[in-house]
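Remarks on the structure that follows.
Everything numeric here is computed off the predicted structure, so don't read it as measured data. Throughout, protein chains are lettered first and strands after them, A, B, ... in sequence-line order, and every chain is numbered starting at 1.
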Amino acid sequence: MVRKTIVLVLLVACVAGVSVWRLGSSSSSRSNPAPSARTVRVTDLAGRDVTIRKPVERIVLMRSLNIYELAAVLGDELGGKLIGWDSSLKTGDLDAHRKFVERFPQLKDATILGDVLRDTVSAEAVLALNPDLVIMSTSMLERKSRSLEQLEQAGVPLLYLDFSDPFKGPQRSLLLLGQVLDKETQAQAIVHWIDRELDKVFSRLEKIESKVPTLYLEAGTQGAGRYGNTFGRDGQGKAVNWGSVMDQVRCRNVAADAVSGLYGMAVIRPEFLLKADPQVIVVTGAHWTAFPDSLHLGYDAEAAKARGLLREFATRPGWADLQAVKNRRVYGIHTRFGSHVTSFAAAQQLAKWLYPTDFQDLEPEAALRRFHDKFMPIGFSGTWMVGIDDD
Amino acid sequence: MTEPGIPRPSVAYRILARRRLAVIGVVGGLVAASLLADVLTGPAGLSLSEVLSVLLDPESASGSYRTIVWTLRLPTALMAVLVGASLGVAGAEMQTILDNPLASPFTLGVSAAASFGAALVMVFGASASAVSTALLVPLGAFTWAMLCSLAIYGIGRIRGGSRETIIVGGVALHFIFSSGVAFLQYIASEDTLQAIVFWIFGTLQGATWRKLAVIGGVLVAAMMLLTVRTWQLTALRFGENHARSLGIDVQRLRLQTLVLVSILTGTAVCFTGAIGFIGLVAPHLARMSVGEDQRFFMPLSALYGALLVSAAAIVSKSLVPGTIFPIGIATAALGAPFFASLALVRRRTYW
């Protein structure tokens with residue numbers, strides 16, 4: 001009996017010792033790899049130092065709606081390298097999801113991970129993919145996710161990109177991705193191109209001295225029947241996403257003072273809008289799968305149908321009296337332009353809608369098509385901007 | 001015969017009845033005042049005379065003023081009153097038939113079922129159908145609320161309509177539907193999640209005259225049907241055996257009232273989302289004021305419910321003027337301290 005116990009104790013001690021040794025060695029090799037030619041140390045856009053082993057072959061994109069920068073940098077290599085993502089692209093923009101999966105059929109087999117924003121990511125599921133790189137965004141930082149801590153402790157390289165300023169964040173993110181993925185020339189070319197397109201707007205906006213026009217911008221998720229979110233400032237008083245776009249394109253966002261909160265989004269009271277009587281109204285669209293009434297824009301959207309949906313917004317109670325409706329200045333634009341590499345199209349299009357005479361020569365849709373032709377692995381199609389009275 | 005200074009019983013009864021009627025009159029006046037204040041306030045900052053002139057003479061008012069008052073403010077304000085009244089009545093009768101001070105229209109899972117129905121439509125139903133979500137969500141909420149109450153009815157019938165069975169069955173259903181809602185929230189996309197959360201907190205926005213007609217019609221019908229049963233319900237509060245000895249079919253009464261209350265609750269919440277707390281508190285306030293006599297207790301519960309929701313609407317409007325604030329948060333935040341202070345100040349027990 002005593003002998004048996006001793007054997008058992010020894011056995012347990014052995015197993016424990018081995019596993020502790022293995023754990024120790026694996027964590028030390030992961031979190032603190034010896035610097036060599038095959039690793040690169042970068043500072044990501046959250047200000048963290050990240051060590052990444054090269055070549056990066058297995059990428060996890062924690063929020064698939066942020067695919068545009070990665071796709072532009074990687075081009076045709078995207079399908080082979082992207083091995084895991086979440087379902088936000090599928091639910092938040094089905095058209096883009098379909099387009100990417102059609103172009104890269106292997107993405108159909110990419111592992112679907114949980115949502116960082118709701119802390120439903122399983123650290124184990126990410127570890128099981130054995131990723132060389134996990135792409136995050138700074139918007140996830142505020143969520144103190146337990147699984148992210150676990151991933152960091154396990155030495156998985158988390159790289160934070162930043163899209164909070166739609167006209168600067170995407171470029172910085174592109175350059176960082178280029179550096180990490182050995183695509184520096186490509187990244188620089190894209191950034192150079194985008195900055196030139198943005199300059200067409202901002203260099204001229206500075207010189208305009210006419211009265212600042214008023215604008216109301218609403219996410220068309222809920223459709224015409226219900227008011228959707230509009231954008232202002234977040235908890236820290238920072239304008240993000242469309243709030244930031246409106247801050248920068250020389251207009252007065254009528255909801256700016258009314259909206260504040262964690263994400264800088266809220267639904268305004270209809271009465272507030274009627275009183276504010278903005279000069280221009282913009283509704284953002286996408287293909288949200290759960291909202292059949294929403295304004296459908298994107299790769300598979302038809303212009304006539306989108307225009308029909310937009311006209312329904314103009315029939316909301318009291319809207320007939322708004323100057324934006326009377327003057328037919330109600331427009332739709334793709335919601336993703338508010339935070340990503342395609343934000344140049346938002347800048348050009350909003351400038352054109354706000355100052356029709358000053359920006360007559362701009363052709364945002366043509367620019368968007370050129371962007372796809374030059375940099376994106378998927379081709380341009382569909383409808384991305386629409387006016388209530390376009391032909 | 002009678003001692004001087006103490007009125008004869010019939011006179012005392014009349015005085016009591018008059019005092020109770022006076023209470024109803026006062027609370028009714030407060031509801032009217034609250035309704036008016038609700039219509040008068042709003043982010044558009046219309047002056048008192050402007051609102052009154054639009055109210056009294058809509059034809060000559062400017063288009064946007066007419067829209068603000070007649071299409072936006074008035075239906076929303078009336079919605080607050082009608083939904084509050086519906087929940088107040090539903091709560092009053094729920095507490096009566098279950099003889100339980102913690103019963104409310106939401107105790108038996110009706111609201112959880114409605115939330116489940118709404119969330120189900122938002123997560124799955126909407127993309128599969130061509131019908132607008134604006135119609136489908138209330139429909140789903142109402143259908144599931146009815147299914148839930150049918151289930152409670154079934155459970156109640158099997159076991160002879162005893163209170164314990166109904167409460168235990170209802171609470172079980174509540175947790176089943178709550179976990180269903182939690183599951184739907186878990187799998188929902190983030191935009192859908194926001195919509196579900198908003199629905200669960202409740203909102204008065206989107207009120208239309210047609211919805212008001214539906215809620216108002218159901219409320220009036222339910223109150224009329226309950227008025228017919230006034231004495232039976234009052235007798236029930238003396239105890240089940242007591243009521244039975246008076247010749248009342250307690251099981252029948254209980255199950256019929258249960259169905260009525262469920263329809264009332266389902267109709268109210270399917271348009272606004274679950275506005276909690278009212279159904280629990282309004283009857284207690286009414287009971288403190290006029291006691292158990294259903295002739296006074298039921299209408300006063302309705303009035304207190306209306307007052308609470310209407311006041312909450314005004315408060316949330318003044319706290320967060322520009323954006324929409326979920327009414328359910330305001331009703332609980334406002335109602336709970338009010339209720340607790342009243343209950344603590346009173347010396348006499350009233351249940």
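Summarising the geometry of Ile324(B) relative to Ile268(A), their closest heavy-atom pair is CD1-O, 3.6 Å, with the distance given to 0.1 Å. In plain terms, the two heavy atoms of Thr323(B) and Ala258(A) that are nearest each other are CG2-O, 3.5 Å.
Heavy atoms closer than 4.5 Å to chain A are found nowhere in Thr208(B), neither backbone nor side chain. For chain A, the nearby part of Arg73(B) is the side chain; its heavy atoms alone come within less than 4.5 Å.
Applying the 6.0 Å contact sphere to CZ of Phe201(B) captures no more than 12 heavy atoms from other residues, nucleotides or ligands. Counting heavy-atom neighbours within 6.0 Å of Gln323(A) CD, excluding the residue itself, gives a total above 12. Within 6.0 Å of CZ in Arg63(A) there are more than 12 heavy atoms belonging to other residues, nucleotides or ligands.
Per-residue heavy-atom pair counts under 4.5 Å with chain B were compared for Arg269(A), Lys90(A), Lys275(A), Arg226(A), and the maximum is reached by Arg269(A). Comparing Thr221(A), Thr230(A), Asn229(A), Asp115(A) by heavy-atom pairs within less than 4.5 Å of chain B, the highest count is held by Asn229(A).
Contact check for Leu274(A) versus Tyr65(B): no side-chain heavy atoms found under the 4.5 Å cut-off.
To the nearest 0.5 Å, atom CG of residue Leu273(A) and atom OG of residue Ser64(B) are 11.0 Å apart. One finds the CG atom of Leu193(B) at 11.0 Å from the OG1 atom of Thr91(A) (value rounded to the nearest 0.5 Å). Atom CD of Glu271(A) and atom OG1 of Thr41(B) lie 8.0 Å apart (nearest 0.5 Å).
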